[in-house]
2 protein chains.
Amino acid sequence: MAAKQFVQDYEDQRRDELIKATYYEVAEKGYSAVTLQDIAKRAGVSKGSTLYYFATKEDLFLGALEWMVEQVHTRIVNTIATVEGPVEKMKAVIRTIFANAQDSRQFFLAYTDFISIGTRNKRFHDLNAKFYDGCCGHDREIIQAGIESGVFRNVDIEDASTMVRALVDGMMLQWFFSSQGTFDDYRRRCERIVLDYLTGGTVTENAETTA
Amino acid sequence: MAAKQFVQDYEDQRRDELIKATYYEVAEKGYSAVTLQDIAKRAGVSKGSTLYYFATKEDLFLGALEWMVEQVHTRIVNTIATVEGPVEKMKAVIRTIFANAQDSRQFFLAYTDFISIGTRNKRFHDLNAKFYDGCCGHDREIIQAGIESGVFRNVDIEDASTMVRALVDGMMLQWFFSSQGTFDDYRRRCERIVLDYLTGGTVTENAETTA
DNA sequence: AGTATAAATCTGACCGGTCGGTCAACAGAG
DNA sequence: CTCTGTTGACCGACCGGTCAGATTTATACT
């Protein structure tokens with residue numbers, strides 16, 4: 001039983017390595033451009049092994065995606081917990097999402113590649129829903145708390161939630177494309193716009209704690 | 001000379017057909033998934049002909065893109081001219097961009113595929129800039145006019161402009177992915193959020209003229 | 001007008017190369 | 001020896017791009 005457990009752990013670890021390798025390769029080059037060879041090389045195994053652990057390239061890719069979603073989710077939850085109040089919590093969410101995008105370089109590139117694979121893919125759709133609800137779902141309760149405590153104006157919660165998500169997405173897209181203006185410029189502007197919208201302009205610009 | 005002119009026109013027309021064929025194919029399947037064969041078939045010519053008029057597949061694709069950008073730009077300019085006042089003009093811009101996305105089905109799909117091709121491509125970057133400045137650049141003057149006339153609150157114009165663009169982008173992305181809620185729902189919500197932001201909530205919901 | 005000649009246009013078989021996926025053979029732990 | 005895990009040569013399919021030759025159109029000449 002102990003041996004069996006060891007094998008299980010070993011296999012899990014291998015899968016993990018392959019998933020991470022896939023993620024980083026795709027983040028750098030995009031789904032179509034990455035070959036199984038690339039993934040195998042980065043993971044330090046042969047091409048044959050990649051398909052020993054995963055059925056297809058797509059399977060490997062979706063695994064990598066799930067891993068990423070999980071990771072971002074965890075980061076957001078942790079970051080929110082470190083600050084107090086709706087304004088700071090909202091800032092924290094935005095900061096985390098932006099930071100993640102910066103870390104994984106071409107986070108969005110990978111994301112946009114899903115589309116090419118086909119939006120009809122059920123697993124992809126579910127993953128997308130999980131991403132939105134899991135990673136961005138926190139904004140709704142933060143907004144709710146903000147309204148109840150009177151910090152945010154009485155805006156429609158569904159509108160506000162949509163606004164935050166769409167704005168973050170859109171601004172990252174712009175940052176990705178335009179490459180004019182620093183990353184921090186975009187993040188700061190994003191925070192400002194969101195809070196401006198939520199408070200109606202009553203929040204004065206805080207001193208930035210640029211970590 | 002007349003014959004020469006005819007030949008010129010004929011060639012232009014052929015190029016036009018190929019460009020449109022490319023556009024629709026890519027809009028349906030995405031750049032990578034589309035083959036020269038597909039494009040040729042839709043245009044009613046042979047594969048060889050596509051590369052007789054265009055040097056490479058990428059060239060063909062960028063031509064299609066330019067065509068699209070031009071088209072959207074024209075539509076926006078025309079639509080803005082038909083209405084009066086910052087609020088209505090802003091609505092018109094949003095409506096046109098949304099309508100265009102709906103028309104060409106997977107407008108964004110094509111767009112996201114550029115990224116895979118490589119953001120280092122100069123022509124792509126220029127096109128992107130042209131798209132933003134040409135198609136979305138009108139928002140800045142509309143916002144300016146709105147602030148001056150007192151219809152919009154005194155918000156930072158750069159923030160406001162960024163907000164509108166990012167929100168439209170982001171919401172279209174969400175519409176594209178989630179496929180829950182009708183297209184009109186998204187468009188209407190987008191208009192509401194933008195105007196809510198710009199006016200600070202002083203504009204009451206107008207009766208919709210859903211065309 | 002009719003014919004010959006030249007030029008423009010078009011075609012699809014073909015080439016070189018790539019990639020996802022297969023599989024027979026191999027390795028090493030138990 | 002066996003069984004799990006690993007390998008990389010190999011396969012079939014595909015795709016962008018080429019090109020020699022067919023086809024159509026324009027031009028020159030009688």
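A note on names: the letters A, B, ... follow the listed sequences, proteins ahead of strands, and every chain is numbered from 1.
B:Ser49 comes within 4.0 angstrom of a base, heavy atoms only. Heavy atoms of A:Lys57 sit under 4.0 angstrom from primed sugar atoms or phosphate atoms, though from no base atom. Across all strands, B:Tyr53 comes closer than 4.0 Å only to sugar-phosphate atoms, never to a base (heavy-atom distances).
We find that CD of B:Gln37 is positioned 13 Å from P of D:dG17, with the value rounded to whole Å. The distance between atom CG of A:Leu60 and atom P of C:dG20, rounded to the nearest whole Å, is 10 Å. When rounded to the nearest whole Å, the span between CZ of A:Arg15 and P of D:dT4 equals 17 Å. The distance from atom CG of A:Leu51 to atom P of D:dT7 is 13 Å, rounded to the nearest whole Å. The nearest whole Å value for the distance from the CZ atom in A:Phe61 to the P atom in C:dC19 is 17 Å. For the pair A:Lys41 NZ and C:dC19 P, the interatomic distance rounds to 13 Å; values are reported in whole Å. In this structure, CZ of A:Phe54 is placed 16 Å from C1' of D:dT6, rounded to the nearest angstrom.
When each of B:Arg187, B:Arg189, B:Arg188 is tested with B:Glu191 by the rule salt bridge (Lys or Arg N to Asp or Glu O under 4.0 Å), just one qualifies, namely B:Arg187.
In the set D:dG17, D:dG5, C:dT11, D:dG17 carries the atom at the smallest distance from any side-chain atom of B:Lys47. In this structure, of D:dG17, C:dC19, C:dC10, it is C:dC10 that holds the atom nearest to the side chain of B:Tyr52. Side-chain atoms of B:Thr35 lie closest to D:dC15 of the nucleotides D:dC15, D:dT6, C:dC10. Taking only side-chain atoms of B:Leu36, from C-beta outward, the nucleotide of C:dG20, D:dG17, D:dC15 with the closest atom is D:dG17.
Relative orientation of the A:Tyr23 and A:Trp67 rings is perpendicular, given thresholds of 30° and 60° on the angle between their planes. Using a 30° and 60° split on the angle between ring planes, B:Phe61 and B:Tyr31 fall in the tilted class, from 30° to 60°.
The side-chain tip of A:Arg14 does not point at the ring of A:Tyr53 from less than 6.0 angstrom away and within 45° of straight on. A cation-pi arrangement is absent between B:Lys29 and B:Tyr24 under the rule of less than 6.0 angstrom and at most 45 degrees off the ring axis.
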